[in-house]
Number of protein chains: 2
Amino acid sequence: MLSNTSKYAIRAMIYLALHTPSVKKIGIKQISGELDLPAPFLAKILQVLAKNKLLNSSKGPNGGFSLAKDASKITLYEIIRVIDGNDIFDQCLISMRTCYEEGTPCPMHFRYESVRNEIKKMFQEQNLGGLAEDIKSQEKIFAL
Amino acid sequence: MLSNTSKYAIRAMIYLALHTPSVKKIGIKQISGELDLPAPFLAKILQVLAKNKLLNSSKGPNGGFSLAKDASKITLYEIIRVIDGNDIFDQCLISMRTCYEEGTPCPMHFRYESVRNEIKKMFQEQNLGGLAEDIKSQEKIFAL
DNA sequence: TTATAAAAAGATTTGAATATCCGAATTCAT
DNA sequence: ATGAATTCGGATATTCAAATCTTTTTATAA
């Protein structure tokens with residue numbers, strides 16, 4: 001469903017939301033260390049998120065990343081679209097060429113459409129603020 | 001969501017269902033030609049489906065593949081499980097290690113669970129017989 | 001019984017996603 | 001100013017799914 005890249009992006013963004021706004025900036029090393037993700041790869045991903053205005057980044061000592069807007073205003077849908085593009089939200093389930101033409105939908109087309117809409121809605125409804133809240137209210141210590 | 005391999009498998013199985021039971025066996029060349037899929041790759045896939053009792057295969061002249069049971073008795077769920085395994089039906093949406101342990105579900109866990117169940121239900125409810133019927137009832141000529 | 005047509009099986013290649021590396025640019029603190 | 005810490009950007013390496021190739025096995029038909 002989601003690429004590794006998207007998954008990492010989401011987890012990193014949630015991590016940032018968890019520590020926002022008390023801390024302003026967090027560096028790659030800390031994030032990748034806490035989430036147990038490969039640092040150089042995560043760096044690339046955050047770079048893309050920054051270029052797409054979901055993150056602010058600053059270089060130099062005490063540099064790092066911070067959410068570019070209020071955590072409650074960033075949805076998983078935005079993150080996924082930036083990283084993976086729109087494919088999961090509009091591609092034919094079984095990759096039939098003619099499914100995109102008029103009058104020849106694939107046999108799963110309409111049945112899948114409602115599921116696809118559910119998926120899209122799920123991602124659109126989840127924002128980093130809410131997810132961070134959920135984590136904070138959990139009993140056990142949370143290891144992202 | 002689905003691997004190419006699964007998509008090809010599904011399309012080939014639907015193709016067989018469309019021509020069953022009037023024709024008994026169909027060869028790789030015909031299927032790959034009609035569906036515009038790479039023949040050697042499709043051969044591998046059908047091999048796996050045959051090994052897992054979803055297809056019958058016979059070698060030699062006039063050999064080929066046929067559905068191992070009535071089209072209405074083969075669901076997409078079975079096909080996907082044979083090819084891709086169970087991952088899409090049980091993996092954590094964001095691949096969090098702790099999501100499989102007690103008390104530390106990922107923040108998307110419960111929200112995703114219902115969507116995942118929808119997906120599973122969709123695949124379990126679709127059988128090759130029904131899909132083939134749908135195609136036959138379409139107005140335009142259908143190019144799988 | 002032999003030639004042929006097909007699938008099976010295994011080895012290899014390709015390509016895209018994933019991951020790493022390194023030099024450049026930027027910022028901060030001294 | 002200088003050095004150190006950090007992200008940036010481009011190039012490179014690795015891995016795995018996807019695709020191909022080659023040889024073997026089996027079945028059919030002449």
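Here the structure is a predicted model, which is why all the values come from computation and not from measurement. In what follows, every chain begins at residue 1, and chains take the letters A, B, ... in the order their sequences are listed.
- Looking at heavy atoms from C-beta onward, A/I10 lies in side-chain contact with A/I80 at the 4.5 angstrom threshold.
- Judged by closest nucleotide on DNA chain C, B/K59 is the one of B/K59 and A/S3 placed further toward the 5' end.
- Side-chain N/O atoms of B/Q126 and B/Y77 include no donor and acceptor closer than 3.5 Å.
- Residue A/Q47 contributes atom CD, which lies 12 Å from atom C1' of D/dT6 at whole-angstrom precision.
- Spacing between atom CZ of B/F41 and atom C1' of D/dA17 amounts to 7 Å, rounded to whole angstrom units.
- Here the P atom of nucleotide C/dA7 and the CG atom of B/L49 are 14 Å apart, to the nearest Å.
- Positionally, the nearest nucleotide of DNA chain D for A/I26 lies more toward the 5' end than for the other of A/I26 and B/G60.
- Side-chain atoms of A/K44 come within donor-acceptor range of the base of D/dG10, with a qualifying N/O pair under 3.5 Å.
- What separates CZ of B/F65 from P of D/dT26 is a distance of 15 Å, to the nearest Å.
- Note on B/S58: every side-chain N or O is 4.0 Å or more away from OP1 and OP2 of D/dA27.
- A donor and an acceptor atom, one from each side chain of A/S3 and A/D84, are located under 3.5 Å apart.
- Between A/Y8 and C/dT18, a side-chain N or O to OP1/OP2 separation shorter than 4.0 Å is absent.
- Rounding to whole angstrom units, CG of residue B/L2 and P of D/dA18 are separated by 11 Å.
- Here the C1' atom of nucleotide C/dA8 and the CD1 atom of B/I45 are 15 Å apart, to the nearest Å.
- Dashed line: the shortest gap from a side-chain N or O of B/S57 to OP1 or OP2 of C/dA8 is under 4.0 Å.
- In this structure, B/K51 reaches the C/dA9 phosphate: one of its side-chain N or O atoms is under 4.0 Å from OP1 or OP2.
- Within 4.0 Å of B/P38, counting heavy atoms only, lie sugar-phosphate atoms of the nucleic acid but no base atom.
- Residues B/K7 and A/S95 bring a donor and an acceptor atom of their side chains to less than 3.5 Å of each other.
- In terms of position along DNA chain C, the nucleotide closest to B/I28 lies nearer the 5' end than the nucleotide closest to the other residue of the pair A/S6 and B/I28.
- Between B/N62 and D/dA29 there is a side-chain polar atom (N or O) within less than 4.0 angstrom of OP1 or OP2.
- The residue B/L46 sits apart from the nucleic acid: no heavy atom pair falls under 4.0 Å.
- Between the NZ atom of B/K29 and the P atom of C/dA7 there is a distance of 8 Å, rounded to whole Å.
- Comment: B/E34 does not engage B/R11 in a salt bridge, judged by the lack of any side-chain N to carboxylate O separation of less than 4.0 angstrom.
- Closest to the side chain of A/A50, out of C/dC28, D/dC8, C/dA8, is D/dC8.
- Going from atom CG of A/L42 over to atom C1' of D/dT6 covers 14 Å, rounded to whole Å.
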